[in-house]
There are 2 protein chains.
Amino acid sequence: MNKIPFPVIHRLSYVFEILNKLEEQGIKKVSSAQLGKYLGQTAHTVRKDIHFIGIAGTAGTKYDIAGLKTLISRHLGFGIPKKSCIVGLGKLGSALLEYTLAIPQGAFRIVAGFDSNINRVETIHTPIELFPAYRIEETVKRLQIELALIVVPPQQAQEAADRCCDGGVTGLLNFTPTVIKPKRDGIFVRSIDISGELRILAALAYTTTIMNE
Amino acid sequence: MNKIPFPVIHRLSYVFEILNKLEEQGIKKVSSAQLGKYLGQTAHTVRKDIHFIGIAGTAGTKYDIAGLKTLISRHLGFGIPKKSCIVGLGKLGSALLEYTLAIPQGAFRIVAGFDSNINRVETIHTPIELFPAYRIEETVKRLQIELALIVVPPQQAQEAADRCCDGGVTGLLNFTPTVIKPKRDGIFVRSIDISGELRILAALAYTTTIMNE
DNA sequence: TATTAAATGTGAATAATGGAACAATTTATG
DNA sequence: CATAAATTGTTCCATTATTCACATTTAATA
Ligand SMILES: NC(=O)c1ccc[n+]([C@@H]2O[C@H](COP(=O)([O-])OP(=O)(O)OC[C@H]3O[C@@H](n4cnc5c(N)ncnc54)[C@H](O)[C@@H]3O)[C@@H](O)[C@H]2O)c1
Ligand SMILES: NC(=O)c1ccc[n+]([C@@H]2O[C@H](COP(=O)([O-])OP(=O)(O)OC[C@H]3O[C@@H](n4cnc5c(N)ncnc54)[C@H](O)[C@@H]3O)[C@@H](O)[C@H]2O)c1
């Protein structure tokens, strides 16, 4: 199997999301140009990305949505949803819990939540199981959880991530404004830094202001 | 002025954040190697990024934190905080409101919030002013707000963004899982798609599983 | 059926990015 | 004062990513 460049994985996973939505609307076919429009990319890019994972259509015809979904699923592993957990059930964590449970799709499924504050574990109402933080490693192992959302205070982020790594997760999604390091090779970390994004936006608006003069 | 590549702006804005934290701790000097460690980047990259915006230190000595902050501020526009607003004060929006207000730094400052539900506008307690959604355009104009966080349901996202554009914002930070288009040229959009990020993480973990065989 | 339009697959060209090397400079030290 | 160590500025090269061009194929239409 060929190595797929990261930007391609990134875009294809969004293509998958778009295909899901189109299919929900009863649409059966879609062109690279249409997909490009949804993604904010050119049709060229879309075709080339798809080309990385094989042949998805036939020249002259649009892509068959069901077929393309299958192809992407097979290459990106969206067939069996990855079991996931949320660590830290504060203001953001509990919002995320509710939000992610409401998203129906094939890539991931939240199956557990953790908080060091036993009070939160006992008072939050949700269909999934919640545990105190000292049980992270044990539970991640037992349920074979693969992904973890880290939503604890920044000072606790690395420690919480470490426990998840010890339990055997393969991916961490970090919501704290700190850099967290995976404990072993083969564990991926992605970070969502909201204040960082705002800072970037502020910078972008400014640099073009200059450039336009 | 030279055009600064986007990845450089991205990283430099994080450097700025790190410098703030170090300065808070009373630290006065920092090397490219140290900054690289905080960023998860090499010292080479850090030096090269800084090189894009000018000369920040002298060979043989570490960077002076105050001086480097000034240089980045000048080029990325972090001197005067950009006035910002939050549109949509639901579960996520109100968490973001509280969170962003607690971050002290120079790039942005939240000054207003909007919601179409008058009840939310009246019941949320916060030091900043809240307005009903029909007053977005007027208020953004009056207060000269430059950035907007879009935190409304996906179906309302484009419309909410349009109102902000009409008011004159220069940047949109989109939290909804949809693509929103700026109404005019010169308005930047960045999106934070949480379920998208989870999907990417799921895909990453999977592709390496394959690659390792 | 012939022709036109629309669509994909694919290789090549171009552009952007990242990484590495090294000269130049300062500080520390004996 | 001389030397060694540490550190930045800057150029060059390799790699990666994007854009483009076009051959090929299908569907629609007159
Ligand atoms: N609230 C936001 O809108 C927002 C936005 C962006 C980023 N963040 C980041 O997300 C993180 C959480 O923010 P929040 O506003 O939800 O904070 P919060 O204080 O409301 O929640 C944090 C939760 O983590 C729990 N916790 C603490 N240590 C823990 C541990 N070791 N293991 C498990 N749980 C632990 C706490 O009991 C608490 O319930 C912070 O790092 C914050 O910087 C928050
Ligand atoms: N909750 C989460 O953890 C989470 C995570 C990721 C993304 N999101 C996205 O963020 C958005 C908001 O999510 P939420 O959970 O806070 O939803 P929510 O329903 O709790 O809040 C939405 C708020 O927007 C207001 N609103 C609706 N139309 C509006 C308009 N035209 N102008 C101004 N305000 C308007 C509503 O009155 C409500 O208060 C959604 O698009 C959701 O997909 C949410």
Side-chain angles (χ1 to χ4, degrees), chain A residues 2-15 18-19 22 27-72 75 200 203-204 207-208 211, chain B residues 2-15 18-19 22 27-72 75 200 203-204 207-208 211:
Chain A
N2 285 338
K3 192 178 172 320
I4 306 173
F6 174 76
V8 175
I9 293 182
H10 191 144
R11 286 190 297 261
L12 282 178
S13 81
Y14 282 97
V15 169
I18 291 164
L19 294 175
L22 292 175
I27 299 170
K28 297 258 186 294
K29 301 256 170 196
V30 69
S31 70
S32 56
Q34 288 172 292
L35 284 174
K37 213 155 191 189
Y38 288 116
L39 284 168
Q41 299 280 343
T42 69
H44 292 127
T45 306
V46 173
R47 287 206 298 280
K48 184 115 198 211
D49 285 349
I50 292 171
H51 184 59
F52 268 100
I53 58 171
I55 294 175
T58 47
T61 67
K62 297 184 173 186
Y63 293 107
D64 175 66
I65 289 182
L68 186 49
K69 270 186 62 178
T70 307
L71 187 71
I72 294 177
H75 279 81
I200 291 168
L204 279 178
T207 51
T208 46
M211 278 158 55
Chain B
N2 285 337
K3 193 178 171 321
I4 305 172
F6 174 76
V8 174
I9 293 182
H10 191 144
R11 285 190 297 263
L12 283 178
S13 81
Y14 283 99
V15 169
I18 292 164
L19 294 176
L22 292 175
I27 299 171
K28 296 257 185 297
K29 301 256 170 195
V30 69
S31 70
S32 55
Q34 287 172 294
L35 284 173
K37 213 156 190 187
Y38 287 116
L39 284 167
Q41 299 279 343
T42 69
H44 291 129
T45 305
V46 173
R47 286 206 299 280
K48 187 142 182 203
D49 285 349
I50 292 171
H51 183 59
F52 269 99
I53 57 171
I55 294 175
T58 47
T61 67
K62 297 185 174 187
Y63 293 107
D64 175 66
I65 289 182
L68 186 50
K69 269 187 61 179
T70 306
L71 187 71
I72 294 177
H75 278 82
I200 291 168
L204 279 178
T207 51
T208 46
M211 279 157 56

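By convention in this document, chain letters (A, B, ...) are assigned in the order of the sequence lines, proteins followed by strands, and residues within each chain are numbered from 1.
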Examine C:dG19: is either OP1 or OP2 under 4.0 Å from a nitrogen or oxygen in the side chain of B:H44? Give yes or no.
no
Just checking B:I55: base, sugar-phosphate only, or nothing, at a heavy-atom cut-off of under 4.0 Å?
sugar-phosphate
Evaluate whether atom NZ of B:K29 has more than 12 neighbouring non-hydrogen atoms of other residues, nucleotides or ligands under 6.0 angstrom away.
yes
Whole Å only: how far is the CZ atom of A:R47 from the P atom of D:dC22?
14 Å
In whole Å, what is the span from the CD1 atom of A:I50 to the P atom of C:dT8?
8 Å
Nearest-Å distance, CG (A:L71) to C1' (C:dT8)?
14 Å
Residue whose nearest DNA chain D nucleotide is more 5′ - B:A56 or A:T45:
B:A56
Without decimals, in angstroms, what is the distance between A:I9 CD1 and D:dT16 P?
14 Å
For A:Y14, the ring pair (Phe, Tyr, Trp, His ring centres under 6.0 Å) test, sequence neighbours excluded, returns A:H10
OP1 or OP2 of C:dT10 less than 4.0 angstrom from a side-chain nitrogen or oxygen of A:H51, does that happen here?
yes
Please determine if a side-chain N or O atom of A:Y63 lies less than 4.0 Å away from the OP1 or OP2 oxygen of C:dG9.
yes
Indicate yes or no: at least one non-hydrogen side-chain atom of B:F6 is less than 4.5 angstrom from one of A:I200.
yes
Separation of atom CZ in A:F52 from atom P in D:dT16, rounded to whole Å
11 Å
Among C:dC22, C:dT8, D:dA17, which nucleotide sits nearest the side chain of A:P5?
D:dA17
Grab the NZ-P distance between B:K62 and C:dA28 for me, whole Å please.
11 Å
Please list, by residue number, the residues of residues 34-43 of chain B whose heavy atoms come closer than 4.0 Å to an atom of DNA chain C; answer none if no residue qualifies.
none
How many Å lie between CG on A:D49 and C1' on D:dT18, as a whole number?
10 Å
Which residue lies more 5' along DNA chain D, comparing B:K48 with B:S31 via nearest heavy atoms
B:S31
Side chain of B:P7, heavy atoms from C-beta onward: which of C:dG18, D:dT8, C:dA21 has the nearest atom to it?
C:dG18
In sequence, state the C-alpha distance, the side-chain angles, and the governing distance for B:L12 and B:F52, and then conclude on side chain to side chain contact (heavy atoms under 4.5 Å, CB included).
CA-CA 10 Å; B:L12 283 178; B:F52 269 99; 5.5 Å; no
I need the full list of salt bridge (Lys or Arg N to Asp or Glu O under 4.0 Å) pairs touching residues 45-62 of chain B, with sequence neighbours left out, sorted by first then second residue.
B:R11-B:D49
Once each nucleotide of nucleotides 24-30 of chain D is scored for protein heavy atoms under 4.0 Å, what B/S/- sequence comes out, 5' to 3'?
BBS----
If we only count heavy atoms from C-beta on, is the A:L35 to A:L68 side-chain gap below 4.5 Å?
yes
For A:T61, all residues meeting side chain to side chain contact (heavy atoms under 4.5 Å, CB included), sequence neighbours excluded:
A:T58
Residues two or more places apart in sequence or in another chain: which of them pass side chain to side chain donor-acceptor pair (under 3.5 Å) with A:T70?
none
Tell me every residue that passes side chain to side chain contact (heavy atoms under 4.5 Å, CB included) with B:A59, counting only those two or more places apart in sequence or in another chain.
none
Round to a whole Å and report the spacing from CG of B:L68 to C1' of D:dT7.
14 Å
Smallest separation among heavy atoms of A:A203 and B:I9, with atom names
CB-CG2, 3.8 Å
